[in-house]
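Remember, it's 1-based here, ligands and their atoms both numbered in the order they're listed.
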Amino acid sequence: MKSTGPVDTDIVLVGGGHAHVHVLVAFAMRPQPGVRITLVARDLETPYSGMLPGLIAGLYTHAQAHIDLVKLAAATGARLIHAEAVGLDRVSRRVLLYGRAPVGYDLVSLDVGITPALDAIAGAAQHAIAVKPIGSFVNKFNNLREAAGKAAGPRHFVVIGGGAGGVELLLSLRTRLLADARAAGRDAADLGFALVTDGELLRSHNARVRDAFRRVLHERAIALHENSRAIRIDEKSVALAGGRTLPADFALVTTHAAAPGWFAGTGLALDAGGFIAVGPTLQSLNDPAVFAAGDCAALVESPREKAGVYAVRAGPPLAGNLRRCARGVSPKAWHPQSRHLALISTGERYAIASRGGLKAEGAFLWTLKDWIDRRWMRMYQDVDRLLARMPARTGTAAAIKHESVEMRCGGCAAKVGPGPLSRALARLDRPVAGDVLVGLDAPDDAAILLAPKDRHLVQTIDFFRAFVDDAYVFGEVAANHALNDIFAMGGVPRAALATVVVPYGPSAKVEEELFQVLAGMRACLDREQVTLAGGHSSEGAELAVGLSVTGDVAPDRVLRKGGLRQGDVLILTRPLGTGILFAAAMRARACAPHIAQALALMRRSNRAAAAIVIEHAASAMTDVTGFGLIGHLGEMLAASGAQAGLDLAAIPFYGGALPLARAGISSTLLPENLALAGLLAGDVEPHERAVLFDPQTAGGLLAGVPAARAESCLAQLRDAGYEAAAAIGTIVDVRRAPKDVRIAAAGRMRD
Ligand SMILES: Cc1cc2nc3c(=O)[nH]c(=O)nc-3n(C[C@H](O)[C@H](O)[C@H](O)COP(=O)(O)OP(=O)(O)OC[C@H]3O[C@@H](n4cnc5c(N)ncnc54)[C@H](O)[C@@H]3O)c2cc1C
């Protein structure tokens, strides 16, 4: 689902923390006309702190304990930008992003958690595992399990930090490592555990809770060192103030966490710890356009400990105040309650409850905690439920509100106005290569290129609608896709012309969208040393991009679709399945890791792949795009008068594509592509057929290579980073009329 209607207010949420997931859902349940929500997320899966100990103990799976932000953003209609924020330009209201163009905001909210600060303990940065931020801990924990499993003899684990996080972590870690040892047939007695804390254990809880946990630790033979300060960590030990040293093969630090370093450069008011100082409305003390919530914020009037429970509770007031400010209404004050019920697990299905002076314990409390946590997660994980509860999104209400965009003209009057265009272009530097004589550096009616000597010119054009909400990524992929045609002919791209259709909107929003898409295109073209020499922009109903690319090719290096030879091995350089994955993404069905993997490959150049294939005496080459593998292979076979055998087990496809195809999800173009189904003979199951005919964006190259060179070609492709490159079949007959072309499929695609 996508946001609809013209945008006049951009609310940018930085970080997919506990408060922001609520904001996404709140705006989806009650859309605010003219407001676009954008989530900038460094990690596409966000762990829920309440379930983290259970995940570590093995009581929850990864999927149960994480929110998939790709699915949540798709379901809630938010634009998702997968990037790390590194600063705020508060004058021009832009969030600065690592490695890509900044994104504009009218209101911005920060919920980015904390960052590890290991400086307080000597050697910790080199030898300790930082438990916070929790997002990156899950991977570190998996590495720790692997390393602990390989190590021989006694292994000692020391957790430094006696708060609820540290205690739960240690108890859960012990449960999991003992289970691992038993499963591997190793002696669990070889594992030793210790907890170090510089004050009393669980000092923010009551004495009865503290005693209960002292008892639990004692029962589990966990050495407890209270009022002991860790001062140094090395490879094998943790040194305590006072001279004592504990053996430690693995030291984990949960005590020290700091504010992200980039806060200091924002000019925002910060507290003594460097966290964003906010008032009761969750707005920065010196910039009302900036909100902050969760661990990264410091509520100056009602300071609270850094705990997930407060980040969760900040969600509703934050959503309410962002909405009020977007409507021009005064925000409301929020005073979080000072006490909360803490249900602290003991590493198994047992918990101890703490509230003020009260304490209770039992398995039933773990069951209660489990119920509360699952209920909370369901709100952000159960996409079907979310979509069913959401109002229909027509966008008409939003459109009516916008007098500035009520009536739009066609023809040349549909062009993006000179203001937004020139401002967007001014934000991009415009280097021009020597073979572009007239380009965007001194724009004219047309670009002029120097005609290459002794080479042929190659030209191509592509055009398509946006398949992701992030205009920058869309521009980058579109440019990469367009270059593939030149590479597939054996050519070198030199210059490109772009045509961009930007959704109607106020001029500042049109400028921003145009800038984002051009900046993304330029990121790709710059890497490939291709000059963006000119273009045309227009307003329209939705974002769309076309690129016409001109390149050149040495006459003896031209590769056509025809020319396949008997015995050639068919090599495909990239997996299939982008059509299926992005069809699933639109329905909020695609998983974050699968979309991230696909977008990473779709942004990778095919230039080196083409060069390697050509060096291996390729007979013919094409790029796999809209007609799918079979459609494009069919074209090659028809042009060569050849038949092919296809090994289904060797076909590379993107993670998630096959199960989604099995679930019946496919691109809307698939039925058209299946008109060529007669080309394919053999036992092919419907979901396999869906992958083979799936339209590809920025797909791989498909080439015929002599059998004797195929192995070396594949090895070089993989060395060059095309890990999925595969030999998918062979040319078996080259004396056929085009109408007799057939592809014989054998084998089974494997999940
Ligand atoms: C072992 C352990 C157990 C815990 N158990 C509990 C518990 O049971 N109950 C409880 O209340 N608290 C618990 N906590 C504390 C809790 O984890 C944190 O208080 C909570 O996660 C804070 O939530 P948040 O929304 O502020 O940030 P986070 O949950 O840390 O979310 C921040 C998000 O922002 C993203 N991000 C970070 N930087 C950037 C950037 N520059 N650009 C874009 N995105 C960015 C991250 O990827 C992440 O998704 C526990 C902590 C630990 C270590």
Would you call the rings of F193 and F157 parallel, tilted or perpendicular if under 30° counts as parallel and over 60° as perpendicular? parallel
Would you mind telling me if ligand 1 is within reach of the side chain of V309, the backbone, both or neither, using heavy atoms under 4.0 Å? both
Does at least one non-hydrogen atom of V131 fall below 4.0 angstrom from an atom of ligand 1? yes
Of all protein heavy atoms, the one nearest atom 38 (N) of ligand 1 is R42 NH1, 3.4 Å
Report the relative orientation of the aromatic rings in H18 and Y48; use parallel for angles under 30°, tilted for 30 to 60°, perpendicular for over 60°. tilted
For residues H225 and T197, is any side-chain donor paired with an opposing acceptor at under 3.5 Å? no
Relative to each other, are the rings of W366 and Y60 parallel, tilted or perpendicular (30° and 60° limits)? parallel
Ligand 1-proximal atoms of W262, by part, heavy-atom distance under 4.0 Å: side chain
Do me a favour and list the nearest non-hydrogen protein atom to atom 16 (C) of ligand 1 with residue, atom name and distance? S49 CB, 3.4 Å
For Y98, state whether at least one heavy atom is located under 4.0 Å from any atom of ligand 1. no
Strictly under 4.0 Å, does any heavy atom of A164 approach an atom of ligand 1? no
Residue selection (non-hydrogen contact nearest atom 32 (C) of ligand 1) among T254, V112, I344, L173: V112
Please, which pairs that meet salt bridge (charged side-chain N to carboxylate O under 4.0 Å, His left out) have at least one residue in residues 276-294, sequence neighbours excluded? R90-D287
Quick one: does G308 get an N or O within less than 3.5 Å of an N or O on ligand 1? yes
